[in-house]
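Since the structure comes first, as C-alpha cells, the remarks are kept for the end.
Lettering of chains follows the sequences in order, A, B, ..., and the numbering in each one begins at 1. From a predicted model like this one, the values you see are computed outputs, not experimental measurements.
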Amino acid sequence: MTENSSQRPDSRGPNAAAPADLPTQYAPAEVEEELYERWVARGWFEADAKSDKQPYTIVIPPPNVTGSLHLGHAFQHTLMDALTRRKRMQGYESLWLPGMDHAGIATQNKVEQQLAEEGKSRQDLGREAFVERVWQWKEEYGGKILGQMRRLGDGVDWTRERFTMDEGLSRAVQTVFKQMYDDGLIYRAERIINWCPRCLTAISDIEVEYQEDDGELVSIRYGGGDGEDDSVVVATTRAETMLGDTAVAVHPDDQRYAHLLGRHIKLPLTDRTIPVVADEHVDPEFGSGAVKVTPAHDPNDFAIGQRHGLPALTVMDERGVITAHGPFEGLDRFEARSSIVAALREQGRITAEKRPYTHSVGHCSRCKTTIEPRLSMQWWVGVGPLAQAAGDAVRDGRVKIHPAEMSARYFDWVDNMLDWCISRQLWWGHRIPVWYGPDGEVRCLGPDEQPPTGEGWTQDPDVLDTWFSSGLWPFSTLGWPEQTQDLAKFYPTDVLLTGHDIIFFWVARMMMFGLYAMDGTAPFHTIALTGLVRDDHGKKMSKSNPNSVDPLDWMNAYGADAVRFTLTSGANPGADVPIGEDWVKASRNFANKIWNATRFALMNGATVQGPLPQASELGATDRWILSRLNSVVAEVDGHYDDYQFAKLSDALRHFAWDEVFDWYVELSKTTFAVGGRPAEVSRRVLGEVLDVMLRLLHPLVPFVTESLWTTLTGGESVVVTSWPADSGFRDVAAEQEIATLQDAVTEVRRFRADQGLQPGQRVPARLSLTGSPLASHEDAMRQLLRLQPEGEGFHATASLPVAGGTVELDLSGVIDVDAERKRLTKDLDSAEKELRQTTAKLGNEGFLAKAPDHVVEKIRERRSTAESDIARLQQQLDRLPTA
RNA sequence: GGGCGCAUAGCUCAGCGGUAGAGCGCUUGCCUUACAAGCAAGAUGUCACUGGUUCGAUCCCAGUUGUGCCCACCA
C-alpha cells in the first residue's frame, strides 16, 4: 500500500470544520493504554459490596501463572468483559473478579526446567528453597499475564485480584479439606494410580492423555515346566511387568483352560509359580483368552488381584527402573522390556510377536511421559454424594448449561465419576494438612489448629491437586470461610464462562465443592461453554504449532478492539472459533469506519443535547433510522440473553455500516446541504443514533467507542453511562418508504453501471417521481444518483420498477443500446422463470389445499409482480432503437 | 467399543418445511468535500450421497460416505 491519504491534498470544502484532534484514521495504539489506565484510576471496575444495586458476578477462569495468554484466553476474556460491561451499564453492581492459578504441577515443571538449565535439581535446593524459588518465578512471570489483560481491556476489579496460593484461599482449602475429612469424604488408600515417572507424582485419571502409539504385542508361553498340559499363552505390550505377575486369569466358562483352574504354573524367567484363576473380566474372544495378572502395575489386574486375594508385587521404582532381583534389576522399564523379550525368545517362550502394534497409551498431560500405573498410598475424595448433587443441580434446572448439547458431556462425567486422587508428590501447592504421630496416629488440622508438638510427629509431605483449590474459586475468592460482605453480596456468581475442555477438570469440581461448602447453593446459575480458537483453516492452534499467534502482535498491529470484535463475530455457542489475520484487519476497518462516521457527524454539528424532536418534525429518514435503532437495541439484548455473540456482533455491524453509514449518513448530506429546520432535526437524530450505537458497541469494542462517545457527547465515559433501552418507537411506514427509496436508487445505479456511465459523471436527467412515495426524496435521489437538472435532447428512457411504483429516468445522450438490451433481456428471463414457477405452484391443488394462507398469498403476489415485470420489460425492449 | 456433532459460495461460517445468506476473497468502475482501512455495481452454490415422509425437503426421518470432538479402553 503505497497510497497514503494524508499525503493527498486535502480537498475538503471550507464548511468542513473538521475537529483538528480527529485524524482521518483511527490509531488504536495511541489511545488504548491511556484510556485503560484512566478507567482503572477512576475505579470504574471496582464493585461495591455495600451498594443497593443488584449484583452481577463473574469470576475469571484463573489462568495458570506458567504461561502467557493466548487467543483462547483473549476470546473468553472478551466475552466475559462484554457481559460485565453491559451489566454495569444496565445498572448492576457488576463484578468481574480476576486472578491466577498456581497450577501446581505445571509451574513446578517450569521452574524445574529453569533449574535444570543451571545444572540443578529441586532436590539440590531442598523443599523450602525450591518453593521460595517458585514464588519468585510467580512474581516475575505472573505480571506478564496481568499486562496482557490490561492490553485487552479487561474490565476486572483489580482490588479483588486473587491467587490460589494466597493466605485466604489457602485457609479455604484447609477448611474444606478438614470438613470433608471429618465427614469421611476424604480418605487415604493404597490403590493403582497413574504415576508419571518423570514428574515423580501421582496424577488423576483426567490428567492422562491417551494417544495411539506404536508398541509391540508379544505372546508368551507360561507354564509348561514339568508337563505339557499346563502351558498357557498370554499376550502383553508391557513384557517387563511379567516380573510382577502373580496369576494368570481366564474366563470361568472357558473350557480350554478349565483343567488349569486352581493349578499353579511356572512363571518364566523367575523361580516362582503362579495360580490360574477364573475371572469374568477376561474376554475369552481376545487373543488366547488368557491374561497375565500384575496387580501392582495395572489397574484391571489390581482389581482381579483384589477379587482373588492375590499378592501385589511391585517390580519397579518411582522412576520406572526394575527393582525385582535378578538379571533385569536396575534396567529402565523400556530397556527391560526388550531384554526380557530377548531372554524369553532365547528360551523359546515367545509364540508370536506383532510389531509395530498400534495401541492407545497413556501419557502425562504435563510432560508427555508414558504413564506407569503404580500401586501407591494416596489421598482420595469420595465423590459419590458430591457428584450426585452436582448432577442434580443441572438436572433440576438450578444450573443451566449453554449450549444445552454440552450437558450430555457433563452428565456423562458426573454420573460415572470415580473417586478423585488428590495427593501429589510435589512441593508447589497446598500441603496436605495431615500429621502422623509416632504411634501411627493421624490428625487432620483446620487452619486455626496448631500442629501437634512432640517427638515423631511429621506432616504429610504431599500437596493437593491444583484443581482442588481452583474448585473452591467462586467462593474462596470472595473471602470464604469468613462470612464476608463480598460473599453475601456476590455469591452465587451469575455466569461461568469457560472452554468446554475443562468441564471435568474445573466446572464439575466447582459444582461439587460449591454445593458442598455453600449449603447446597450452586456457584453459578449459568454455565456458558465456549469452543477452542482455531486458525483460519479450522486447524487447532497450540503453542507447538506454527500457526500459533500471540494476541499481543495483532493487538499492536490492529488494536485490541479489532481482535475483540473478530473473536466475538466468530463466537457461535459452544463452537470453535476460527480467526485469521485478514479477519482482524476487517474488524480494524470496521473500527475505522465507525471513527470516520462519527467524525463526519462532528463536522456537521451532530448533537446529543436536548430532547429528540417531536415525531411530527421528523422526516421519513429520521423516523426510519430511529425505528431501526430501537429494533436493534431489542435485538442485541435478545442475543446477549442467549450468549449469541456472533449474532449480536453481526447485527451491530450490519446496522452501523449498511444502514447508518451507507444510507442515513448519505441521505443526511442532502438534508444538511438544504439546511433549515430539517437539517437541525437531522443533526439531533444523527447524534442520537451514534450515541446509542456507540453505547451498544462499547462492550465489544471498548476503546474506539470510548474515544468517540466522549468526544461526541462530552460525557465523562461510556463505561459508566447507561445501557440503551428500546423506547418502543417503531415506524413501519417509514421503514417501507426508505426500503423503496433504497430499491429505486440501487436500481438506477445498476442501470448506470450497466450503461457504463461514470459514477462521478453528472448526467442530465429527468426524474419522474410525481405520485410516487419517493417524491419527497427527489433532492436526495439526485444527490445519490449524481443527476443534474434536466438537460436537453432526451433520446432514451429507462423505466425502473420499484416497490409501489416506477421510477422514470430519462437520460440525454446516446445510451448503449446493446448493454441495455442485455440487461432487459436478462431481467425478462428471470421474470419469466418466476412466472412459470409461481403459476405451476398455484396450479397445484395439494398446495392450495394445504399450504397456509399467507404462503399462498405471497406466491400470488410474486406471480402478479412477475406478470407486470414481463409486460414492462417487453415494452422497454420494444422501445429500444434497433441498431 | 460407546456418546455427541458436523458436511451450505474459493475460504471461514450463519440459516431454514415455502424464491439460498454474511464476512473475507474475486470481477468491473470510481479518490463522489467522513473514511481508498473507502464507495458503487456484479459473478459464484446438483445446500455430501441414496432412499423415505410431504402439495412442497437444503431443512424432518432412515441409511451411506467423509470428518471432528468426548468417554471407555484393547491384556
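- Where pairing requires Watson-Crick or G-U contacts shorter than 3.5 Å, the helical stems of RNA chain B with at least three consecutive pairs are B:1-7 with B:65-71, B:10-13 with B:21-24, B:26-30 with B:38-42, B:48-52 with B:60-64.
- Applying the 4.0 Å criterion to OP1 and OP2 of B/C35, one finds that A/Asn589 has every side-chain N and O outside that range.
- Within 4.0 Å of A/Ser569, counting heavy atoms only, lies no atom of the nucleic acid at all.
- Set against B/U19, B/A34, B/A40, the side chain of A/Lys593 has B/A34 as its closest nucleotide.
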N/O contacts under 3.5 Å, protein versus nucleotides 52-55 of chain B?
from: B/C55; atom 1: OP1; to: A/Lys850; atom 2: NZ; distance (Å): 2.0
from: B/C55; atom 1: O2'; to: A/Asn844; atom 2: ND2; distance (Å): 2.7

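- Phosphate proximity of B/A37 to A/Arg588: absent, as no side-chain N or O sits under 4.0 Å from OP1 or OP2.
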Dump every N/O contact between nucleotides 43-45 of chain B and the protein below 3.5 Å, one line per pair.
from: B/A43; atom 1: OP1; to: A/Lys826; atom 2: NZ; distance (Å): 3.2

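- Residue-level contact check: A/Val282 touches the bases, meaning some heavy atom is under 4.0 Å from a base atom.
- Ring pair A/Phe672/A/Phe600 is tilted by interplanar angle, where 30° to 60° counts as tilted.
- Side-chain polar atoms of A/Asp279 and A/His308 form a donor-acceptor pair below 3.5 angstrom.
- Evaluation of the side chain to side chain contact (heavy atoms under 4.5 Å, CB included) rule for A/Arg749 yields A/Trp663, A/Val745, A/Leu784, A/Leu785 as partners, not counting sequence neighbours.
- The base of B/A41 has none of its N or O atoms less than 3.5 Å from a complementary donor or acceptor on the side chain of A/Arg750.
- Here the separation of B/A22 from B/G45, taken at their C1' atoms, is 15 Å to the nearest Å.
- No side-chain donor from either of A/Thr566 and A/Tyr558 sits under 3.5 Å from a side-chain acceptor of the other.
- Under the rule for a salt bridge (charged side-chain N to carboxylate O under 4.0 Å, His left out), A/Glu635 has no partner lying at least two apart in sequence or in another chain.
- Residues forming a salt bridge (charged side-chain N to carboxylate O under 4.0 Å, His left out) with A/Arg836 (at least two apart in sequence, or on another chain): none.
- Residue A/Arg409 has its side chain nearest to B/C70 when only B/G18, B/A34, B/C70 are considered.
- In terms of position along RNA chain B, the nucleotide closest to A/Ala27 lies nearer the 5' end than the nucleotide closest to the other residue of the pair A/Arg238 and A/Ala27.
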Please produce a list of atom pairs where a protein N or O lies less than 3.5 Å from an N or O of nucleotides 71-74 of chain B.
from: B/C73; atom 1: N3; to: A/Ser360; atom 2: OG; distance (Å): 3.4
from: B/C73; atom 1: N4; to: A/Ser360; atom 2: OG; distance (Å): 3.2
from: B/C74; atom 1: OP1; to: A/Asn300; atom 2: ND2; distance (Å): 2.6
from: B/C74; atom 1: N4; to: A/Ser360; atom 2: OG; distance (Å): 3.3

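- The pair A/Glu216-A/Lys354 does not count as a salt bridge, with every side-chain nitrogen at least 4.0 angstrom from each carboxylate oxygen.
- Residue A/Ala849 is out of contact with every strand shown, counting any heavy-atom pair closer than 4.0 Å.
- In the model, A/Thr568 has a side-chain atom that pairs as donor or acceptor with a side-chain atom of A/Ser649 under 3.5 Å.
- At a threshold of 4.0 Å, the pair A/Glu240-A/Arg333 does not count as salt-bridged, since none of the basic side-chain nitrogens sits closer than that to a carboxylate oxygen.
- Residue pairs that meet the salt bridge (charged side-chain N to carboxylate O under 4.0 Å, His left out) test with at least one member in residues 280-295 of chain A, sequence neighbours left out, are A/Asp245-A/Lys292.
- Under the rule for a salt bridge (charged side-chain N to carboxylate O under 4.0 Å, His left out), the partners of A/Arg238 that lie at least two apart in sequence or sit in another chain are A/Asp298, A/Glu372.
- To the nearest 0.5 Å, the span separating CG on A/Asn844 from OG1 on A/Thr839 amounts to 12.5 Å.
- One P atom belongs to B/A9, the other to B/A20, and the distance between them is 15 Å to the nearest Å.
- Following rounding to the nearest Å, A/Leu529 (CG) and B/C69 (C1') show an atom-to-atom distance of 14 Å.
- Counting non-hydrogen atoms under 4.0 angstrom, A/Arg653 reaches the backbone sugars and phosphates but no base.
- Candidate nucleotides B/C24, B/A37, B/G18 were compared by shortest atom distance to the side chain of A/Asp582, and B/C24 ranks first.
- As judged by a 4.0 angstrom heavy-atom cut-off over every strand, A/Asp754 is placed among residues making no nucleic acid contact.
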Donor-acceptor pairs are to be reported for all side-chain atoms of residues 849-859 of chain A against protein atoms at under 3.5 Å, with residues two or more places apart or in another chain.
none

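- Among residues two or more places apart in sequence or in another chain, the salt bridge (charged side-chain N to carboxylate O under 4.0 Å, His left out) test is passed with A/Asp415 by A/Arg395.
- Below the 3.5 angstrom threshold, one finds no donor paired with an acceptor across the side chain of A/Glu747 and the base of B/A41.
- Across all strands, A/Phe661 comes closer than 4.0 Å to base atoms (heavy-atom distances).
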Which pairs, protein N/O on one side and nucleotides 9-17 of chain B N/O on the other, fall under 3.5 Å?
from: B/A14; atom 1: O5'; to: A/Asn572; atom 2: ND2; distance (Å): 3.4

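- As judged by a 4.0 angstrom heavy-atom cut-off over every strand, A/Val665 is placed among the base-contacting residues.
- Between A/Glu405 and A/Ala601, the residue anchored closer to the 5' end of RNA chain B is A/Glu405, taking for each the nucleotide with the nearest heavy atom.
- With hydrogens and angles left out, the side-chain atoms of A/Asp213 and A/His363 include a donor and acceptor closer than 3.5 Å.
- Using a 3.5 Å distance cut-off with no hydrogens or angles, the side chains of A/Ser864 and A/Glu867 do not pair a donor with an acceptor.
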